[in-house]
Amino acid sequence: MGMTVHATSPQFKQNAARALADTQLQKALGNVKQGFIDKRQRAADKLPEFEALRDAARDIKNHTLQHLDLYLEAYEEKVKASGGHVHFARNAEEARSIILSICREADAKTVTKGKSMISEEIGINAHLEANGITPVETDLGEYIIQLRHEMPSHIIAPAVHLNAIQVEQDFRRVHTNLDPKRDLSEPVQLLTEARAVLRERFLAADVGITGANFLVAETGTSVIVTNEGNGDLTQILPKTHIVLASIEKLVPTLEDVSQILRVLARSATGQEMSVYTTFSTGPRRSADADGPQNYHVVLIDNGRSAMLGTDFEEMLRCIRCGACMNHCPVYHAVGGHAYGWVYPGPMGAVLTPSLIGVDKAGHLPNASTFCGRCESVCPVRIPLPKLMRHWREREFERHLMPATFRSGLSFWGFFAKRPALYRLATRVAMASLGLAGRRRGRFTWLPLARGWTKYRDFPTPQGDTFQARWRRERKGRTV
Amino acid sequence: MSARDEILANIRRSLRVGGNETIRRQIATERLERAPKGLVPSRGQLPAEERLALFKLQAEAALATVTEVDSSADVPQSIATFLRDHNLPATLRMGSDLRLTAMPWNDTSLEIAHGPSQGSDLNAVSHAFGGVAETGTLVLVSGPENPSTLNFLPDNHIIIVSAKDVAGDYETVWNKVRFAFGKSGMPRTVNWITGPSRSGDIEQTMLLGAHGPRRLHIVVVRD
Ligand code: SF4
């Protein structure tokens, strides 16, 4: 398989333990719980047709997948007719060498990049760097994590694991030509600085690489959705625009893409529509005032065609909105990096074993409480818990999973055997559960202990763990 | 086998099809030709006056500002006032779109520049191809007279839209695009713009003006 980014997925448990002990991370993760859930709910409530549109989005993706070969052919023909080039890549390595040769042809020194998960998946940045070409991430979150040499921890909010103070430290470390005494105490000052630094990069770039949220077969169009406008500056300023897209990004028509766009932003950020939705078809026309002179699309399989016709075909409907991780209690507790590869959260737990192998990512499908919240918010109705269960069954059949792992409690058990970690983990979990559960007083589900709460309600923690109380009480008695 | 052929063959093997089944081909071809309209929310199907009201409401909800003028002759003065009210310099860059160049800019003291932006303009004005009331979205198309750089590089972007071009839903605008450019003859770039640029990447706090315009001002022309 085309794995290139070093995966730490096999060490999921250790990653999770470290994440629970990381106070900066735990503080930052609070932002996920607070923001995304309410915003999505409000956007959904405001549109009476929202649930019906989710059905429509699911049906469009299913229809496309069933006719994927034909829509790919139609799409390719249209791109060519509009003056663009289409390249097919079986795996990450092929994709990287295609991209490198286009960049060389353009004599590229720097390449600006719009946010793209497939770009992370194929590890293009390291490859370009190794060949003397400087890739510059331009999405603010991606820019920040590139400075830190990290992977995104969320598919739409790549730097969600960081706090402003950490970003300030990175900017001071890297933007050394600026006044060291400048004030960067407000997030808006960080944004303004990044805008100015990246503006220069946009104007100087030789090639712009973007992903694609959708490819439209009817017209040979690639579609990107952003709020910052960085994807647009990436693609209209340099003389060459390269689009990276995995093959399941296809949709048949402009009508179909409009249907899906009605659920994408609402599910992702709770916006009715993202700020910039851009439809690009071919290079600039001869009389056009601006736009790229060369337009290339790299269509990447990297494991997708093998998922068709299997239990995991439904995962190919994913439109990368991030709602499943925004609503996931495990993601809330450990963040995205613990998942150890490019795709975190419930969608990552299903997709990663398909892409890098169940032997490397077999623990991920265990990182679930099977509470079902991910499926209930997925705009294309992917049955994520069912697919995670499929992986667990397969893993068990293949004897990759110790018997104890079949129970949801086993993950919890890992911590229970390590008292110091367990105390820490429960303290984190109790503190957040104490906040969340107070309204009802009882939990009908609990992260990582579904096997237990299935049979009885878990009483709301009183903001303290049993062990801590016990220690305090014992102290009171004996002293 | 080329990568292309191998990928297509793998897809067909997984789907258990040969690729030449007539009915299957027909289904795909017909969908591409007919482009059947899906579900349009009822808010996207309002009569003209309500539609325009919803457009303004939604654009403002997306943090754009909206003003209305009676005729295109009033646009330059309206823009000059907007710039002055926000303490912005009296400069403005635009493409050579006739709908824009025909306006009486000389009635104002605005300093006008033409053509694509090189990245140092504070203010630019564009003419929209259409608008979508559902979400307060503007639709802009690129072309010789309409540089796309004007939509992203300036700090303050002003977009003019004719009231009659504000549709209820996206589908109506796609049909207009097909009518203007031919079925499947898309302009290089179609931009949907809903409010000014923003980012929530630092601690999930929404801040305006990430890479694109910090301000989006819409002028609706009634005539
Ligand atoms: S699986 Fe569903 S909810 Fe998760 S990112 Fe994909 S589309 Fe969104």
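Note that these values count all heavy atoms, side chains included, but never hydrogens, waters or copies made by symmetry. Sequence lines set the chain letters: A, B, ... in the order given, protein chains first and strands last, and positions in each chain run from 1.
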The interface call for A:Phe50 against chain B, heavy-atom contacts under 4.5 Å, is neither

Could you tell me which of A:Arg284, A:Met307, A:Lys78, A:Gln66 has the largest number of non-hydrogen atom pairs under 4.5 Å with chain B?
A:Gln66

Assert top hit (heavy-atom pairs under 4.5 Å, partner chain A, pool B:Ala61, B:Pro187, B:Gly115) equals B:Pro187

Closest-packed option against chain B by number of heavy-atom pairs under 4.5 Å, given A:Thr219, A:Thr277, A:Val32, A:Leu65
A:Thr277

Name the region of B:Leu208, side chain, backbone, both or neither, that has any atom closer than 4.5 Å to a heavy atom of chain A.
backbone

Heavy-atom distances under 4.5 Å only: say whether B:Thr137 touches chain A with side chain, backbone, both or neither.
side chain

Any Lys/Arg nitrogen of B:Arg43 or A:Glu49 sitting under 4.0 Å from an Asp/Glu carboxylate oxygen of the other?
no

Is the shortest side-chain N to carboxylate O distance from A:Arg266 to A:Glu272 below 4.0 Å?
yes

With a 4.5 angstrom heavy-atom cut-off, is it the side chain or the backbone of B:Arg16 that approaches chain A, or both, or neither?
side chain

Contact origin within A:His63 toward chain B - heavy atom pairs under 4.5 Å
side chain

How about B:Gln45: does its CD atom have over 12 heavy atoms from other parts shown lying under 6.0 Å from it?
yes

For B:Pro196, is it the side chain, the backbone, both, or neither that has a heavy atom closer than 4.5 Å to a heavy atom of chain A?
backbone

Using heavy-atom distances under 4.5 Å, tell me whether A:Glu94 contacts chain B through its side chain, its backbone, both, or neither.
side chain

Structural part of B:Met1 lying under 4.5 Å from a heavy atom of chain A:
backbone

Heavy-atom check, side chain of A:Thr221 versus side chain of A:Tyr75, under 4.5 Å
no

Heavy-atom donor-acceptor pair, B:Asn10 side chain to A:Ser305 backbone, under 3.5 Å:
no

Leading residue by heavy atom contact count with chain B [cutoff under 4.5 Å; candidates A:Gln259, A:Arg285, A:Arg262]
A:Arg262

Engaged part of A:Lys46 at the chain B interface, taking heavy atoms whose separation is under 4.5 Å:
both

Heavy-atom closest pair, residues B:Ile193 and B:Asn151:
CD1-CB, 4.0 Å

Residue that, paired with A:Tyr143, satisfies side-chain contact (heavy atoms from CB on, under 4.5 Å) out of A:Leu198, A:Thr138, A:Asn230
A:Leu198

Do B:His86 and B:Arg215 have side chains that approach each other closer than 4.5 Å (heavy atoms only, starting at C-beta)?
yes

Checking A:Leu203 against chain B: side chain, backbone, both or neither under 4.5 Å from a heavy atom?
side chain

Between chain A and each of B:Asn146, B:Leu150, B:Asn191, count heavy-atom pairs under 4.5 Å; write down the option with the most.
B:Asn191

Report which part of A:Tyr276 has an atom under 4.5 Å of a heavy atom belonging to chain B: side chain, backbone, both, or neither.
both

Between B:Ser2 and chain A, with a heavy-atom cut-off of 4.5 Å, which part of the residue counts as in contact: side chain, backbone, both or neither?
backbone

Most heavy-atom pairs under 4.5 Å with chain A, out of B:Ile7, B:Val40, B:Leu63, B:Val177, belong to B:Ile7

Contact leader toward chain A among B:Ala9, B:Pro116, B:Ser197, B:Pro213, where contacts are heavy-atom pairs under 4.5 Å:
B:Ser197

Below 4.5 Å from any heavy atom of chain A, which atoms of B:Arg34 appear? Answer side chain, backbone, both or neither.
neither

Would you check if B:Ser148 and A:Asp290 make a side-chain contact, meaning some heavy-atom pair closer than 4.5 Å?
yes

Any salt bridge between B:Arg25 and B:Glu30, counting N to O under 4.0 Å?
no

Answer with side chain, backbone, both or neither: which region of A:Ala164 has an atom nearer than 4.5 Å to a non-hydrogen atom of chain B?
both

Residue among B:Asp5, B:Thr29, B:Thr149, B:Val17 with most heavy-atom pairs under 4.5 Å to chain A:
B:Thr149

Is the closest basic N to carboxylate O distance between B:Arg12 and B:Glu6 below 4.0 Å?
no

Which region of A:Leu72, side chain (C-beta onward) or backbone (N, CA, C, O), has a non-hydrogen atom less than 4.5 Å from a non-hydrogen atom of chain B, or is it both or neither?
side chain

If you count heavy-atom pairs under 4.5 Å with chain B, which of A:Leu233, A:Val225, A:Asp232, A:Ile236 comes out on top?
A:Asp232

Below 4.5 Å from any heavy atom of chain A, which atoms of B:Asn175 appear? Answer side chain, backbone, both or neither.
side chain

If we only count heavy atoms from C-beta on, is the B:Met186 to B:Trp174 side-chain gap below 4.5 Å?
yes

Does this structure show an ion pair linking A:Asp301 with A:Arg90, if we count only N-O contacts that are shorter than 4.0 Å?
no

Looking at B:Asn123 and B:Pro89, would you say the former's side chain and the latter's main chain have a donor-acceptor pair under 3.5 Å?
yes

Chain B interface, residue from A:Ser258, A:Ala194, A:Ser274, A:Gly309 that has the most non-hydrogen pairs under 4.5 Å
A:Ser258

Between A:Asp69 and B:Gly19, which heavy-atom pair has the shortest distance, and what is it?
OD2-CA, 3.9 Å

Among B:Thr205, B:Thr135, B:Thr194, the residue with the most heavy-atom pairs under 4.5 Å to chain A is B:Thr194

Does any backbone or side-chain atom of B:Ala62 lie under 4.5 Å from a heavy atom of chain A? Answer side chain, backbone, both or neither.
neither

What part of A:Ala28 lies closer than 4.5 angstrom to a heavy atom of chain B: side chain, backbone, both or neither?
neither

Which atoms of A:Asp256 are under 4.5 Å from chain B, going by heavy atoms: the side chain, the backbone, both sets, or neither?
side chain

For the backbone of A:Ile165 and the side chain of A:Asn163, can you confirm whether one donor and one acceptor N or O come within less than 3.5 Å of each other?
no

Any idea how B:Trp192 and B:Tyr170 line up, ring-wise: parallel (<30°), tilted (30 to 60°), or perpendicular (>60°)?
parallel

When the 4.5 angstrom heavy-atom criterion is applied to B:Gln118 and chain A, the contacting part is backbone

Based on non-hydrogen pairs under 4.5 Å, which of A:Gly84, A:Pro292, A:Ala89 is most in contact with chain B?
A:Pro292

